[in-house]
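Numbering of ligands and ligand atoms starts at 1, following listing order. These values consider heavy atoms only, across backbone and side chains, with no hydrogens, waters or symmetry-generated copies.
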Amino acid sequence: MSAITNAEQNLLAESVLYNIFDRVNSTHFNNEVPLSRVKWSDRIGTGKNYHRFADFTVFQDKQFQPVIRLSKHLLAKENIQKVSEVIFHEMTHIWLWNTKKPWGHTPEFYEKIKTFNVDLLELNNG
Ligand SMILES: [Zn+2]
């Protein structure tokens, strides 16, 4: 991985990811997405999965939080808007799952995806 800039270093902080998660949840999901673990991963976005920037895991037992993994390769070529969009994508799956709906790339999934509006997140206002 090439040297990372200060901006990328700041984005690496997982607190930033939780901040994005909270903002997306309140602005796009009426806070209906269950609190999830959001973390960077070295293990996705490489090799045969190089085109995949994220994935998620959910657990039958609701005492275990869903997990969203984001490829660190997002940092190399993308910005906070793209990171937010990727988190939103994974959150849409978890939101559908949590409401006991089919949670793949269904028509309802794509309807929701179309509502993404990065401006609502006000990411530059702290
Ligand atoms: Zn997906």
Minimum side-chain heavy-atom gap Arg52-Ile44 below 4.5 Å: no
Contacts of Lys100 that satisfy side chain to side chain contact (heavy atoms under 4.5 Å, CB included) - sequence neighbours left out: Lys62
With sequence neighbours excluded, residues passing side-chain hydrogen bond (donor to acceptor under 3.5 Å, both in side chains) with His28: none
N, O or S atoms of the protein lying under 2.8 Å from the Zn ion (ligand 1): His89 NE2, His93 NE2, His105 NE2
Aromatic ring proximity His89/Phe56, centre distance under 6.0 Å: no
By side chain to side chain contact (heavy atoms under 4.5 Å, CB included) - contacts of Asn25 (at least two apart): Phe21, Phe29, Asn31, Val33, Met91
Test applied, side chain to side chain donor-acceptor pair (under 3.5 Å); reference residue, Asp55; option that passes from Arg43, His93, Arg69: Arg69
